[in-house]
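Here's the structure we're looking at; comments come further down.
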Amino acid sequence: MNISEDLKKHNFHFKKKLGQNFINDDHLLNKIVAAAEVNGDDVVIEIGPGAATLTAALAKKAKQVIAVEIDQDLYPIIKERMADFANFELVCGDAMKVDFDELAAKYGAKKYKIVANLPYYITTPIVMRLLEEGFQAESIVIMVQKEVAERFSAKAGTKAYGAITVALNYYGEVSQAFNVPRSMFTPRPEVDSAVVCIKCRQERPLKADDEQLWRSLVKAAFSQRRKTLNNALKALNFPAEALKEALAEANIDPSRRGETLSVEEFVRLANILNRKKTLA
Ligand code: SAM
């Protein structure tokens, strides 16, 4: 594949601020489509199609592909590459603002798959928006910076384990599919990448009764990683005695650090705190 020729023909110039590093390898495109397990019944929403190479690979397998792209300069390139696909719609706009459920509903789909090679600076905001705002995506397959992929699927107690790990594993089942060297992109980025698969939980085995409180708890626990829970959770503004009781009831040693708590322990503690708050 020679995307450089296409881009040159349209006098396109890469925009660093939009994280534009395009995939230049056919084998990699097919690997991403396979990781997303796309089949003929699927509506797929692609975020950031770029020169539409992944888009075309997706459209060969899916029932319908909807691609959301922010950069107007890419629209003629996308339209040209996708001209022969009747199952394709280009949505011009910002993926941080679109209503994904509404886009899929146009094709009669209540569930859909998200696939994206995202600009690294919006990876976490986009993924958290998809999960926290209750969109009906059944899975999210995304290319992210390798270090970010490690953070997404880290084990409790490791350096890479953070608030984002806890949040993702609360909403979904995260797995790292494969690593991608920087040489697979044009222009070549300064970091290596990895493809991550998130299967969104339809039924959550662990459910925080008050998700706002649960989020504040996770945030406080990780805001100062060196602090023990006893100290870090002061930021929640619960009476010290109630906090102590809640930790004891949850069977969590207050001298532990937040980074050692599992998702299950965070949910258990949040629900006990919520009960105490409601009773107070
Ligand atoms: N999917 C293409 C590929 O794999 O070759 C391009 C990937 S490139 C890393 C990221 C793409 O996302 C670019 O086309 C960029 O213009 C687009 N983009 C950046 N911010 C966006 C946003 N907020 N909403 C939609 N698209 C965005």
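Just so you know, ligand 1 is whichever comes first in the structure, and atom 1 is the first atom listed for that ligand.
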Checklist line | Derivation and outcome, side-chain contact (heavy atoms from CB on, under 4.5 Å), residues R257 and F222 | finding: CA-CA 8 Å; R257 293 197 183 124; F222 284 100; over 6 Å; no
To which protein heavy atom is [atom] closest, and what is the distance rounded to 0.1 Å?
atom                    : value
atom 19 (C) of ligand 1 : P119 CG, 3.3 Å
atom 2 (C) of ligand 1  : P49 O, 3.3 Å
atom 5 (O) of ligand 1  : I23 N, 2.8 Å
atom 16 (O) of ligand 1 : E69 OE2, 2.6 Å
atom 1 (N) of ligand 1  : G48 O, 2.8 Å
atom 7 (C) of ligand 1  : N117 O, 3.3 Å
atom 21 (C) of ligand 1 : I70 CG2, 3.6 Å

Carboxylate-amine/guanidinium contact [X] [Y], below 4.0 Å:
X    : Y    : value
K277 : D210 : yes
R182 : D192 : yes
E259 : K159 : no
D42  : K113 : yes

Within reach of ligand 1, part of [X] (heavy-atom separation under 4.0 Å):
X    : result
K15  : neither
A51  : neither
I122 : side chain
N21  : backbone

Of all the atoms in ligand 1, which lie at a distance below 4.0 Å from a heavy atom belonging to [X]?
X   : value
D94 : 22 (C), 23 (N), 24 (N)
V68 : 25 (C), 26 (N)
Q20 : 13 (C), 15 (C), 16 (O)
E46 : 1 (N)
L74 : 14 (O)
G19 : 8 (S), 9 (C), 10 (C)
A95 : 22 (C), 23 (N), 24 (N), 25 (C)
G93 : 24 (N), 25 (C)

Notebook entry, point to check: So among N117, L29, L28, N24, which one has a side-chain contact (heavy atoms from CB on, under 4.5 Å) with T53?
Noted result: L29
Item checked: Identified side-chain contact (heavy atoms from CB on, under 4.5 Å) counterpart of L243 within the set L229, N237, L233, L269 -> L233
Check: Taking atom types as modelled, is there a side-chain donor on Y112 or Q64 under 3.5 Å from an acceptor on the other?
Finding: no
Next item on the list: Answer with yes or no whether Y121 contacts ligand 1, where contact means a heavy atom under 4.0 Å from a ligand atom.
Entry: yes
Next item on the list: Report yes if the side chains of V148 and Y120 come closer than 4.5 Å at any heavy-atom pair, otherwise no.
Entry: no
Note to self: Closer than 3.5 angstrom, by distance alone: can the side chain of R201 be matched with the main-chain N or O of N169 as a donor-acceptor pair?
What the structure shows: yes
Check: With ring centroids as reference points, do F14 and F22 lie under 6.0 angstrom apart?
Finding: yes
Margin query: By the definition side-chain hydrogen bond (donor to acceptor under 3.5 Å, both in side chains), identify the one residue from E138, K111, Q136 that meets it with Q202.
Written below: K111
